[in-house]
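One structure is given below, encoded as structure tokens.
Within every chain, numbering begins at 1; the chains are lettered A, B, ... in the order of the sequence lines, protein sequences first and strands thereafter. Values below: every heavy atom of this structure, side chains too, minus hydrogens, waters and symmetry copies. As the structure is a prediction and not an experimental result, all values here were calculated from the model.
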Amino acid sequence: MPENNKSNDKPLNFIEKIITNDLAKGAVNKITTRFPPEPNGYLHIGHAKSICLNFGLAKQFGGTCHLRFDDTNPAKEEVEYVDSIKEDIHWLGFEWDGEVRFTSDYFDQLYDWAIFLIKENKAYVCDLNQEEMRQYRGNLTQAGQDSPYRSRSVEENLALFEKMRLGELEEGACSLRVKIDMSHPNMQMRDPVIYRIKKMAHHQTGDKWCIYPSYDYAHGQGDAIEGISHSICTLEFEEHRPVYDWFINNLPVPSTPHQYEFSRLNVNYTITSKRKLKLLVDEKHVDGWDDPRLPTISGMRRRGFTPKSIRQFCDMAGVTRVDGVVDVSMLEYAIRNDLNENAQRAMCVLHPLKVILTNYPDDKKEQMIAPSHPNRDDLGTRTLPFSREILIDQDDFREVANKKYKRLVIGKRVRLRNSYIIEADAAIKDDDGNIIEVHARIIEDTVGKNPADGIKAKGVIHWVCATDHIDCEVRLYDRLFTEEAPDAAGKDFLDSINPNSLEVLTGCKGEIGLKNATVKDHYQFEREGYFILDTKYSSDERKIFNRTIGLRDTWERKA
RNA sequence: UGGGACGUCGUCAAGUGGUAAGACACUAGAUUUUGAUUCUAGCAUUCGCAGGUUCGAGUCCUGCCGUCCCAGCCA
């Protein structure tokens, strides 16, 4: 019996039920799924759901999952994408069974089966051009008309198809179509094209072909060749299923796969249309496919998302046939949940303000010991140099404030995280009235304990030694779109791009230990959020931290 | 106005005739050297609407309404 690796009490989704049933009644002994991306763009969060589903199902039911590039259209595909897709799948934590497969591996077989269909008098070469074909196809409410070329003889079709293959006919001059039913209410069944002439090199097969099979023809046969038992795709392919089944029923294929559709993942305030993502990249609205604001896997990776958080998010979103839009807060929950548990803590001051501790000796320096994680001793401790001058965040000091403000205020006390409690005495200003420095005093003997006088601090703020720290740049990201549904019909998604989606902070000061940060280390900068070194632009000389996600904030930090 | 699919809390989502799981979000309170985490409590008399069948309906039937998909030699 297959083992269910998911949390015991979670109800099965409809595909899991189908599989459980197929296994129970012996329709299949072992399941085989596949993830079939077209290498024409980078993977995004929507693909992650499909990856988690297909690879997850195989693992859950003791089956296997293939990676097959659906590369039937050389005009749109590139190896660059093949490479990034493989990398992203691995990064997400999945491994495909056997070698990477390509639909183009089956071009010979597909071609032979096309000949077979012609000989069966089920396929014909059609000379209609695109405009004519559209007219003959009819429309949603009107039946189509048979192509005048539909009744060509087998011999003529064979000869013509051979000329197509040999490159003796121009692109668009004709196509090979299958004879189904031009008056079928399902438009997909009105004699779909299965081969078209494209005189271009293919990234896998080179110059071997100048005719290429269409998705409808190639996909199901690829599944059948690989012995895919459950071919899972998204809802928009639903009306293609009869076509899929037609080929399986009319060709001598080695197995009979079945297609199942689920609704694609949509997340509000973002877009998951490959075409639109490509536009954002091509028109430089963002910094490449791996821009941290993009929902691409590479962008999310650079942003600091973990594979585990993405998997959890996909699991939380569920698998159904209902089209809906998942709230980004669910994604944010998933990443915070992982990082809260696993990210080491550090302090980093984003908008530095100098504080002089007037009662602390000029020549004194202490080394404060702080845990790397509040409730995980296994992560060890770190050392924080402390001296007379420290830096705190400008937002953490006010000359006067109401009682709801729990930070440093003149005449009031605040706890320096992992250090002393201090009390502010004065704010030093420049000629324009800007606070440039704060004078304060430490309360003696308050490291790790409350003051002897019983007057406790109201809050806790983070800080960094004014002399012993690292300089860094911090990049804060906000949602790329201001509209909940930038993709909605009737509007241009470019109009809702958030002009403030990236805020670059320079002159930030991080605790000294951060000098050893690597691109693999996720940090929680206490009271600020989760950060990770930017893989693209950060260097030893210029450290750049990306904010993955801020801490949950129930207080309104923005005054 | 053709065909197909889908409509359960703000958002995902269980439920398959026996009297509305769970998660996110949100609200209130407790703990807290992160206004974080954790914890505790609250959050659909109601399942798109209207009829019907039934002792009993989110679940069955009928009608209606709404949303999405399909007229590429894209996938």
Side-chain angles (χ1 to χ4, degrees), chain A residues 9-13 36-38 40 70-73 75-77 126 128-130 133-135 137-144 171-177 184-190 192-198 211-212 214-216 218-219 233-242 261 263 268 274-275 313 315-334 336-337 340-341 345 347 370 374-375 404-407 414-419 421 446-450 456-457 459-462 524-529 550-557:
Chain A
D9 50 343
K10 183 160 185 178
L12 299 182
N13 63 49
E38 180 187 15
N40 68 342
D70 217 343
D71 56 348
T72 56
N73 186 357
K76 295 185 174 181
E77 300 151 7
C126 180
L128 256 23
N129 62 35
Q130 290 201 47
M133 200 180 285
R134 188 184 318 139
Q135 284 167 4
R137 185 154 36 223
N139 57 42
L140 297 180
T141 53
Q142 285 181 301
E171 283 189 23
C174 58
S175 60
L176 184 68
R177 302 174 70 181
H184 198 109
N186 177 345
M187 299 293 292
Q188 309 305 324
M189 295 290 268
R190 325 248 259 224
V193 169
I194 66 169
Y195 263 100
R196 69 287 214 199
I197 300 169
K198 277 183 186 289
I211 54 172
Y212 292 94
S214 63
Y215 165 86
D216 278 316
H219 201 93
C233 61
T234 44
L235 246 30
E236 67 269 28
F237 291 99
E238 187 170 13
E239 42 277 296
H240 292 251
R241 187 168 4 113
E261 313 86 21
S263 52
N268 59 7
K274 253 196 235 181
R275 204 200 98 240
F313 169 65
D315 192 47
M316 287 172 76
V319 179
T320 66
R321 291 174 62 84
V322 184
D323 10 51
V325 183
V326 176
D327 200 305
V328 255
S329 67
M330 219 183 263
L331 214 207
E332 296 177 345
Y333 169 83
R336 285 194 184 106
N337 188 39
N340 173 54
E341 192 178 340
R345 309 291 129 120
M347 292 195 284
N375 34 41
K404 285 197 170 182
Y405 187 78
K406 304 205 297 182
R407 309 174 193 182
V414 78
R415 158 74 66 184
L416 290 180
R417 178 79 167 151
N418 300 306
S419 182
I421 283 176
T446 52
V447 177
K449 56 177 83 166
N450 281 322
K456 295 181 181 175
V460 181
I461 63 173
H462 58 287
Q524 181 195 99
F525 287 172
E526 292 188 282
R527 300 210 312 131
E528 292 291 356
L551 252 30
R552 180 162 171 269
D553 190 359
T554 50
W555 188 65
E556 301 313 312
R557 295 198 76 145

Between [atom2] on [N] and [atom1] on [X], what's the gap in Å once rounded to a whole number?
X: A:Arg321; N: B:U8; atom1: CZ; atom2: P; answer: 15 Å
X: A:Glu332; N: B:A36; atom1: CD; atom2: P; answer: 16 Å
X: A:Leu331; N: B:A23; atom1: CG; atom2: P; answer: 19 Å
X: A:Met316; N: B:A25; atom1: CE; atom2: P; answer: 7 Å
X: A:His462; N: B:U34; atom1: NE2; atom2: P; answer: 14 Å
X: A:Arg527; N: B:A36; atom1: CZ; atom2: C1'; answer: 10 Å
X: A:Leu551; N: B:U38; atom1: CG; atom2: C1'; answer: 14 Å
X: A:Asn268; N: B:C12; atom1: CG; atom2: P; answer: 9 Å

Of the listed nucleotides [options], the one nearest the side chain of [X]:
X: A:Asn340; options: B:G7, B:G35, B:U37; answer: B:U37
X: A:Arg345; options: B:C24, B:U34, B:U11; answer: B:U34
X: A:Arg552; options: B:A23, B:A36, B:U34; answer: B:A36
X: A:Thr141; options: B:G35, B:C6, B:U1; answer: B:U1

Could you let me know what [N] is paired to, Watson-Crick or G-U wobble, both distances under 3.5 Å, or none if it's on its own?
N: B:G66; result: B:C6
N: B:C74; result: none
N: B:G35; result: none
N: B:G58; result: none
N: B:U11; result: B:A23

Would you measure the distance from the [atom1] atom in [N] across to the matching atom in [M] and give it in whole Å?
N: B:G3; M: B:U8; atom1: P; result: 25 Å
N: B:G52; M: B:C47; atom1: P; result: 16 Å
N: B:G72; M: B:A5; atom1: P; result: 22 Å
N: B:U16; M: B:G48; atom1: P; result: 16 Å
N: B:C43; M: B:A23; atom1: C1'; result: 14 Å
N: B:A71; M: B:G58; atom1: C1'; result: 37 Å
N: B:U31; M: B:U38; atom1: C1'; result: 8 Å
N: B:C24; M: B:U62; atom1: C1'; result: 38 Å

Starting at the 5' end of RNA chain B, which residue's closest nucleotide do you reach first, A:Gly324 or A:Pro374?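 Closer to the 5' end of RNA chain B: A:Gly324.
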
Let me know, please, whether A:Asn337 or A:His184 comes out on the 5' side of the other along RNA chain B by nearest nucleotide.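 That would be A:His184.
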
At what distance, to the nearest 0.5 angstrom, does CG of A:Leu416 lie from NE2 of A:His462? 11.0 Å

Within less than 4.0 Å of OP1 or OP2 of B:C6, is there a side-chain N or O belonging to A:Thr320?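 The answer is no; no side-chain N or O of A:Thr320 sits under 4.0 Å from OP1 or OP2.
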
Does A:Ser329 make a side-chain N or O approach to OP1 or OP2 of B:C24 shorter than 4.0 Å? no

Contacts of A:Arg196 that satisfy side-chain hydrogen bond (donor to acceptor under 3.5 Å, both in side chains) - sequence neighbours left out: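 None.
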
Produce a footprint string for nucleotides 67-75 of chain B: one letter per nucleotide, 5' end first; B if the base is under 4.0 Å from any protein heavy atom, S if only the sugar-phosphate is, - if neither. -SBBBSBSB

So does A:Gln524 reach the base of B:U34 with its side chain, donor to acceptor, closer than 3.5 Å? yes

Could you list the residues that satisfy salt bridge (charged side-chain N to carboxylate O under 4.0 Å, His left out) with [X], not counting sequence neighbours?
X: A:Glu171; value: none
X: A:Glu38; value: none
X: A:Glu332; value: none

Is the A:Tyr333-A:Phe313 ring centre distance short of 6.0 angstrom?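 No, the ring of A:Tyr333 stays outside the 6.0 Å limit from the ring of A:Phe313, centre to centre.
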
Applying side-chain hydrogen bond (donor to acceptor under 3.5 Å, both in side chains), run through A:Thr141 and A:Asn139 and close with a yes or a no. CA-CA 6 Å; A:Thr141 53; A:Asn139 57 42; 3.2 Å; yes

By side-chain contact (heavy atoms from CB on, under 4.5 Å) - contacts of A:Thr320 (at least two apart):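 In terms of side-chain contact (heavy atoms from CB on, under 4.5 Å), with neighbours along the sequence ignored, A:Thr320 is linked to A:Ser263, A:Val322.
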
A:Arg190 side chain to A:His184 backbone, donor-acceptor under 3.5 Å: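 Such a contact is found between A:Arg190 side chain and A:His184 backbone.
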
With the 90 degree cut-off around zero defining syn, does B:G42 come out syn or anti? anti

Looking for any heavy atom pair under 4.0 Å, which part of the strands does A:Val414 touch: base, sugar-phosphate only, or nothing?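 Nothing, no nucleic acid heavy atom in range.
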
What nucleic acid atoms does A:Gly529 come within less than 4.0 Å of, heavy atoms only: base, sugar-phosphate, or nothing?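 Contact class for A:Gly529: none.
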
So do the side chains of A:Tyr212 and A:Asn73 get within less than 4.5 Å of each other, counting heavy atoms only? no

